[in-house]
Protein chains: 2
Amino acid sequence: MNDSVNEDIAGNARIAMFDQDCEPIDPLLPVPRALLGRTGFMLFHLGAALDAIADSRLAAVGVDARGYCMLAILSVDGPGSQHELAKLLGTAPGVLVADIDQLEGKGFVERNRDPHDRRRSRVTLLPAGERALAQADQVSAEIVASMLSGLSPAEIEQLTALLNRGLLPSSG
Amino acid sequence: MNDSVNEDIAGNARIAMFDQDCEPIDPLLPVPRALLGRTGFMLFHLGAALDAIADSRLAAVGVDARGYCMLAILSVDGPGSQHELAKLLGTAPGVLVADIDQLEGKGFVERNRDPHDRRRSRVTLLPAGERALAQADQVSAEIVASMLSGLSPAEIEQLTALLNRGLLPSSG
DNA sequence: TATTGTTATACTCTATAACTATA
DNA sequence: TATAGTTATAGAGTATAACAATA
């Protein structure tokens, strides 16, 4: 009843961490005010939110977050070995085995032995995988737009351009 | 020896996932070209990189990534209960117990029973914690600058402003 | 009965280390 | 001997469920 306890021990204004007028990104993760002005904190928070949200939102497409990343990498870099994929994803090669099994089971990719080096297994993107990638790109864009709902489409493009430039240092 | 194997099965140009001229963020995580243009992918990658890097870089300050976040939240929102902290961090309350123990052991925060509700434990930022927070902010900014080394300081400010605006939708 | 802090248990995820085959 | 893929094991991290104190 008494929700007017607005003072605490020292007589300070009582903390009201949730008296914020900022909407949560998702039911999942509230947005701490403390991240304002803290670029690293914001990036960390957005990455964690994506990690928490992406799998369930991408389920309709038939991939999880890492599967989406793999399709994107295969689309841009062309067919590659599982070790190359693992390095680009920053994970141990063993992690990808089951994931690629799944992608292969859905007809998104295929594995072929490299005749030049029969140890290697070339992973190739298939047409169904390209379609899934296009859908996943759209879902991803929707998630970003909902996470950054304060930005107009033009501003999101601006953000994308900034991140692109930041991640590609030696383009000169 | 023969590193000129530039054709594969189908005679396609052999994939050269690592023939990229982009520097890795860190020894830890290489940067896939596929994230260019994919905002969600870039944010996910940056968040994962921060997660992988932050703990070791912040060790000199005496906190880990979550400890840094807690200090920042306490600094902005004032003293709060552990449940409030847990909600803002998006984790289970039990996770914070050991973390706050550590912060308290270093003199960064203190716990006090709330006399109005003796179940609650008010966590308060101490002066040493404020100093640690300032140092952690600097370390965090350095990490961001190294991850986004293609951006000038002015552009990083621009990025920060964009993220701020995006995360605060209902400011009108 | 509901809630706060705490502890203990179970589960998920992934890195590490074998193992097989190819080189 | 070294490397690609695979599998099995172990460890880190965390959510879930109990527990004690207080409301």
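The sequence lines fix the lettering, A, B, ..., with proteins before strands; numbering per chain opens at 1.
- Rounded to whole Å, atom C1' of D:dT22 lies 15 Å from atom NE2 of B:H116.
- Between the CZ atom of B:R120 and the P atom of C:dT6 there is a distance of 13 Å, given to the nearest Å.
- The distance between atom CD of B:E84 and atom P of C:dT4, rounded to the nearest whole Å, is 9 Å.
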Return a single string for nucleotides 14-20 of chain D, one symbol per nucleotide in 5' to 3' order, where B is base contact, S is sugar-phosphate-only contact and - is none, cutoff 4.0 angstrom on heavy atoms. SSB----

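- Regarding contacts with the backbone of D:dG5, a side-chain N or O of A:H83 is found under 4.0 angstrom from either OP1 or OP2.
- Rounded to an integer number of Å, the gap from B:N112 CG to C:dT4 C1' is 15 Å.
- Note: CZ (B:R113) to P (D:dA23) measures 10 Å, nearest angstrom.
- With hydrogens and angles disregarded, a donor-acceptor distance shorter than 3.5 Å links the side chain of B:N164 to the backbone of A:G37.
- Checking D:dT6, C:dA23, C:dG5 against every side-chain atom of B:Q82, the shortest atom distance belongs to C:dG5.
- Listed for the B:R113 side chain is a donor-acceptor partner under 3.5 Å among the backbone atoms of B:R118.
- Near DNA chain D, meaning a heavy atom under 4.0 Å from it, residues 96-105 of chain A has A:V97 in order of number.
- As a whole-Å value, the separation of A:D114 CG from D:dT3 C1' is 13 Å.
- The line from CD of B:E110 to OG of B:S121 is 10.0 Å long, rounded to the nearest 0.5 Å.
- Checked against side chain to side chain donor-acceptor pair (under 3.5 Å), A:D101 has the following partners two or more places apart in sequence or in another chain: A:R111.
- Comparing D:dA4, C:dG5, D:dT6 by their closest approach to the side chain of A:R111 singles out D:dT6.
- In this structure, of D:dA4, C:dG5, C:dA23, it is C:dA23 that holds the atom nearest to the side chain of A:D117.
- More than 12 heavy-atom neighbours from other residues, nucleotides or ligands sit within 6.0 angstrom of CD on B:E142.
- Atom NZ in B:K87 sits about 14 Å away from atom C1' in C:dG5, given to the nearest Å.
- For B:D99, the salt bridge (charged side-chain N to carboxylate O under 4.0 Å, His left out) test picks out B:R66, with sequence neighbours left out.
- With sequence neighbours left out, A:E155 forms a side chain to side chain donor-acceptor pair (under 3.5 Å) with A:S152, B:R165.
- For B:R119 and C:dT3, a side-chain-to-base donor-acceptor distance below 3.5 Å is present, hydrogens and geometry of angles not being considered.
- Here the side chain of B:S121 is nearest to one of D:dA4, C:dA23, C:dG5, namely C:dG5.
- A heavy-atom distance below 4.5 Å is found between the side chains of A:L159 and B:L163.
- Shown here are the salt bridge (charged side-chain N to carboxylate O under 4.0 Å, His left out) partners of B:R131, two or more places apart in sequence or in another chain: there are none.
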